[in-house]
**Q** 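Submitted below is the structure of interest, expressed as structure tokens.
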Amino acid sequence: MLLTDFHVHSTFSDGKLTIPELVDLYGSHGFGAIAITDHLCEEKTVIGKASAYLGCTLTRETFDDYIQTIDAEAERALRQYGMLVLPGYELTKNSVLNHRSAHIVALGVRKFISADQRPTELARQIREQGGLSIAAHPVWTRAIERQTYFLWDRREELCSEFDAWEVASGGFLFEEVAKTKLPKIANSDLHHPRHLRSWKTLVESEKHPQAVLQAIRKQKVRFRFFQPTLAQPPAPLRRAGSQTAAAAPLAALQAQGARIPLVVNY
Ligand code: ZN
Ligand code: ZN
């Protein structure tokens, strides 16, 4: 089983760590595979333009450098830590309305896609590149922040377009997602090293990019709350996560007899 995290931000968007620093963070904690998934915002909307102005998103200008940096660090990660690093990004459609916002993690892709398209078209173009389309934090994230409900509102019509839905983001497991038959994945949405303490996915796969993607498609996955054993900053989780925060939804799930393969590792 590979310990993985496929939703990670770097300084190419709004993350605190550079890609080399992320490789060292995850590599030193024994991860088998990660993906770098910086925001790629819409180019034509006011919010998207503001994100570009503030340097919080990949752009057409920074995109090649981004992919080249991931490729170079992927080589080092494999050599130094035996860890896979997959390319990706988070197609970010932000609106002032939560029900119009959608974030889609594109995993295993290396060509630019414009986020100024309908989510179904984005998912289609991700798959055309051989990647996975993942509905990021589709339900209430239990944090005071803008929410992204567009995909969840349409989950029945979109279920065949997306390869996985995040059943956990950061410190919180989403019981609404866990209870469904939708394909699932748990990621940290890491922006700061303290977010390493969060839900992760164990993937039953060989250590090869295509094998990992296929294992997620086939749902050869289990979910685990990861507690870093190495020295980490003591600051609380961004999403006010705590053992209680992680355990509460779990207890609710168990009470409902939810059939979700969980490994809890406090
Ligand atoms: Zn997001
Ligand atoms: Zn994110």
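Whatever order the structure lists ligands and atoms in, that order sets their numbers, starting from 1.
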**Q** To 10 degrees, how wide is the angle ND1 (His103) to the Zn ion (ligand 1) to NE2 (His137)?
**A**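 Output for this angle: 100°, rounded to tens.
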**Q** How many degrees, to 10°, between His7 NE2 and His9 NE2 as seen from the Zn ion (ligand 2)?
**A**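 It rounds to 110°.
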**Q** Could you label the plane-to-plane angle of the His191 and His9 rings as parallel, tilted or perpendicular, counting under 30° as parallel and over 60° as perpendicular?
**A**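 His191 and His9: parallel rings.
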**Q** Please name the atom of Asp189, restricted to N, O or S, that is closest to the Zn ion (ligand 2).
**A**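 Closest to the Zn ion (ligand 2) among those atoms: OD1.
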**Q** Taking Arg60 first and then Glu43, would you say they form a salt bridge - that is, a charged N and a carboxylate O separated by under 4.0 Å?
**A**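 Looking at Glu43 together with Arg60, the answer is yes, because their closest N to O distance falls below 4.0 Å.
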**Q** Decide if the gap between the ring center of Trp199 and the ring center of Phe223 is smaller than 6.0 angstrom.
**A**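 No - the distance between ring centres of Trp199 and Phe223 does not fall below the 6.0 Å cut-off.
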**Q** Flag the pair Phe63 / Phe12 as yes when their ring centroid distance falls below 6.0 Å, and as no otherwise.
**A**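 No, they do not, as the ring centres are separated by 6.0 Å or more.
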**Q** So that I can check it, does any N, O or S atom in Glu90 come closer than 2.8 Å to the Zn ion (ligand 1)?
**A**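 Yes, within the cut-off.
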